[in-house]
Amino acid sequence: MSRPRSYLIVGAGVFGVSTAYHLIQKYPGASVTLVDRDAFDADSRVAASWDWNKAVRADYDDIVYCQLALEAQDIFNNDPLWKPYFHETGVYWMCRSDYGRKVIDNYRKLGRKAALEVVSVDDARKLYGGLFEDADYTDVKEVLVNKTSGWAAAGDCLRAVTRKAMDLGVKYEVADVAGLEIDAQSNCRGITTSTGKTLRADHVVLSTGAYTPKLLELCAAKSGRDKLSAGDRIVAGGITTGMAKLDAESLKRFADMPVGFQGYPADVGPFLGSLPPTKDRQLKWWGWTIFKNTQEVLPGRYLSAPPAEPDYAQWKVSGQLKEDINHANRSFYGKRGANWTMEKHRICWDAFTTSGDFIISPHPAAKGLYVATCGSFHGFKFFPVLGKYVVQMLEEALSPELAGRWAWDRERPDPKYNPEWPRAEMEDLRDPIQAKL
């Protein structure tokens, strides 16, 4: 009798959990283990996907991601596991380019019909009861309105899908990964944890997000296998999110709002976002400063990684970064939001590639080692289908187009063309008292 398949998936964010969920469905007798530093139901986690809410949309000018997002959104709309967490509020996207028209063209090419259109700025200001009439429309050409997009209760959804995967037989191990177990024949046989425990499997999938470059660098140094290093393929980046609790009067006005986007060209900066109120009446924004945290992880070796604290110091937000959220507030609501008090600020970390593409690929430095990460702050919306494509990668069944785009080794574009590339340094954004601590 053959030994059952065995998989270790390091990282229980959307890439890792989706992979575990799809694997256990396809191979009910397999040994599938998720490993994460945080419990899946912890009150606070470092995963980028652990959040109050995330946008769920297929409004991409890149037709590949448009198609993948539509596939995922169909599941959000129809599958009983996912449906409770999706809110079809629509999106309101202020375009300073032909972005909106490209999105509509992609829907047409894909044969998808939806309630989406581009409208003039004058007409857009009147929509949703004039909710965005005081927004910053500098250089805005038109506004894309897609009533079929929306948002999901991200943390709740992540917990629910993790719990379902565990019900189906996935094991969940709370541990910090410290290294990889690679034998003399360059076979990856498992991982070691920070407590010295060894976990073994035939397939090891790293879905370790912003920690990935540092982890691989440390593993490369420890093993003497330089090619384990991510090099310049992956960069860890952070962004600030903030929330304000609405009073009863404001809630009436904003309860049915769409997800708001301020789109900018790459030479100006990343797009800003404002998400509708949660069940706790909290309105959310993200800022437009995406930053690295460059540090010396080994003598003479510098790379960006989250702060070393167990929670990535995600709740320690400087005054400059809080002002980033105030700027986002003004950009959407002008003076209307001036009296709102920001109650929460959090730094969210993720892994980036210069193109914004994921990496879903075998790692060429060790057999049995795979990488599935690099959400580049847009991965959550693909949560229902990410694992499907990771499983295809594990079985060498990815389409040539996706295998090429998500490859470990590929030609990568200049990041200057990517609005979401981390351009700032965290060190330069600290409060004076925080500097060099």
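Here the structure is a predicted model, which means the values were calculated and not measured.
- Residues F76 and Y85 keep their aromatic ring centres 6.0 Å or farther apart.
- D105 and K102 are not joined by a salt bridge, as no carboxylate oxygen comes within less than 4.0 angstrom of a charged side-chain nitrogen.
- The aromatic ring centres of F254 and W340 sit less than 6.0 Å apart.
- Of the charged side-chain nitrogens involved, at least one lies within less than 4.0 Å of a carboxylate oxygen, so that D74 and R112 count as a salt-bridged pair.
- W349 and F377 have their aromatic ring centers separated by at least 6.0 angstrom.
- In this structure, Y60 has its ring center closer than 6.0 angstrom to the ring center of H378.
- Using modelled atom types, one side-chain atom of T354 and one backbone atom of P413 make a donor-acceptor pair closer than 3.5 Å.
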- [ ] With side-chain hydrogen bond (donor to acceptor under 3.5 Å, both in side chains) as the test, would you mind laying out the steps for Y128 and D256 before giving the verdict?
- [x] CA-CA 8 Å; Y128 300 101; D256 297 321; over 6 Å; no
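- Between R159 and D41, none of the side-chain N atoms (NZ, or NE/NH1/NH2) sits under 4.0 Å from a carboxylate O, so this pair counts as no salt bridge.
- A salt bridge links D36 and R45; the closest N-O separation between the charged side-chain nitrogens and carboxylate oxygens is under 4.0 Å.
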TODO: Apply ring-ring contact (aromatic ring centres under 6.0 Å, His included) to the pair W285 and F332, showing each step before the final yes or no.
DONE: CA-CA 10 Å; W285 297 261; F332 284 100; 8.1 Å; no
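- More than 12 non-hydrogen atoms from other residues, nucleotides or ligands lie less than 6.0 angstrom from NZ of K367.
- No close placement of the W288 and F271 rings is indicated, their centers lying 6.0 Å or farther apart.
- Salt-bridge check for D62 with R405: passed, with a basic side-chain N closer than 4.0 Å to an acidic carboxylate O.
- Taking the six-membered ring where the residue is Trp, the centroids of F382 and F358 are separated by under 6.0 Å.
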